[in-house]
Amino acid sequence: MQLHRAREQFEAAGAPLVLIGQLTPRHAAHFRSRQRIELPVLADERRASYKAAGAKVATFSELLGPKVVAKGLLTGARTGARQGKTLGHPAQLGGAIVIAPGNDVVWSHMARDASDNASPEEILAAIRGLG
């Protein structure tokens, strides 16, 4: 399941989703519209949030190694998702963070390579484990 499609499950768990992209506010609005995402997308062109979270900049093999390419092809075939134009630093990896009231980071998953993304189910399990 793609993250934005699990929005209602996150809201039911009391955890609204927010995406942060390494782009301008104009690019964020375009991304939301083009991808039909009904989530807030914050713009962090300088990648300050990525650095604060400890997200790494990938090496060549972490971006285009055989495992990464194979997973990308399988995911694309299964979901119909396609890689669009890359904005910002092309090797910047992301992650997922659960922030509790009081701004406490209670769970995180930082990507080890371009194929390493936490699933919505993993993130929801972390959220549900807080209660």
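Residues His30 and Leu87 have side chains not in contact (no heavy-atom distance under 4.5 Å, counting atoms from C-beta outward). Side chains of Gln22 and Asp44 form no contact here, defined as non-hydrogen atoms less than 4.5 Å apart.
From Asp116, atom CG reaches atom NZ of Lys56 across 9.0 Å, with rounding to the nearest 0.5 Å. Note: Gln9 CD to Arg128 CZ = 6.5 Å, rounded to the nearest 0.5 Å. Between Met110 atom CE and Tyr50 atom OH the span is 10.0 Å, to the nearest 0.5 Å. We find the CD1-CG distance between Ile37 and Leu3 to be 8.5 Å, quoted to the nearest 0.5 Å.
Put simply, Ile20 and Val57 are part of two different groups of oily side chains (I, L, V, M, F, W, Y) that touch within less than 4.5 Å, one to the next. Residue Leu124 is not grouped with residue Ile99 when hydrophobic side chains (ILVMFWY) are merged at heavy-atom distances under 4.5 angstrom, including chains of intermediate members. Residues Phe10 and Leu39 are members of one and the same hydrophobic cluster, defined by side-chain heavy-atom contacts under 4.5 angstrom among Ile, Leu, Val, Met, Phe, Trp and Tyr.
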Under 3.5 Å, which donor-acceptor pairs do the side chains of residues 66-73 form with other protein atoms, sequence neighbours left out?
unit_1	atom_1	unit_2	atom_2	d
Lys67	NZ	Asp113	OD2	3.1
Lys71	NZ	Ser115	O	2.7

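Heavy-atom minimum distance, Thr86 versus Pro90: CG2-CA, 3.7 Å. Scanning both residues, Thr24 and His27, for their nearest heavy atoms gives OG1-ND1, 2.8 Å. Annotation for Leu23 and Ala28: closest pair CD1-CB, 3.4 Å, computed over non-hydrogen atoms. Here the closest non-hydrogen pair linking Pro25 and Ala43 is N-CB, 3.5 Å. Taking both residues in full, the closest heavy atoms of Ala55 and Leu93 are given as CB-O, 3.4 Å, listed atom of the first, atom of the second, then distance.
A donor-acceptor distance shorter than 3.5 angstrom exists from the side chain of Glu122 to the backbone of Ser119, with no hydrogens or angles considered. With Arg32 contributing its side chain and Pro40 its backbone, the two residues share no donor-acceptor pair below 3.5 Å.
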Walk me through whether Leu19 and Gln35 qualify under side-chain contact (heavy atoms from CB on, under 4.5 Å). CA-CA 13 Å; Leu19 305 179; Gln35 296 294 324; over 6 Å; no
Would you check, one step at a time, whether the test side-chain contact (heavy atoms from CB on, under 4.5 Å) holds for Trp107 with Leu130? CA-CA 10 Å; Trp107 181 88; Leu130 298 174; over 6 Å; no
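For Arg46, the CZ atom counts as loosely surrounded, since its 6.0 Å shell holds 12 or fewer non-hydrogen atoms of other residues, nucleotides or ligands. Atom CD of Glu11 is surrounded by more than 12 heavy atoms from other residues, nucleotides or ligands within 6.0 Å.
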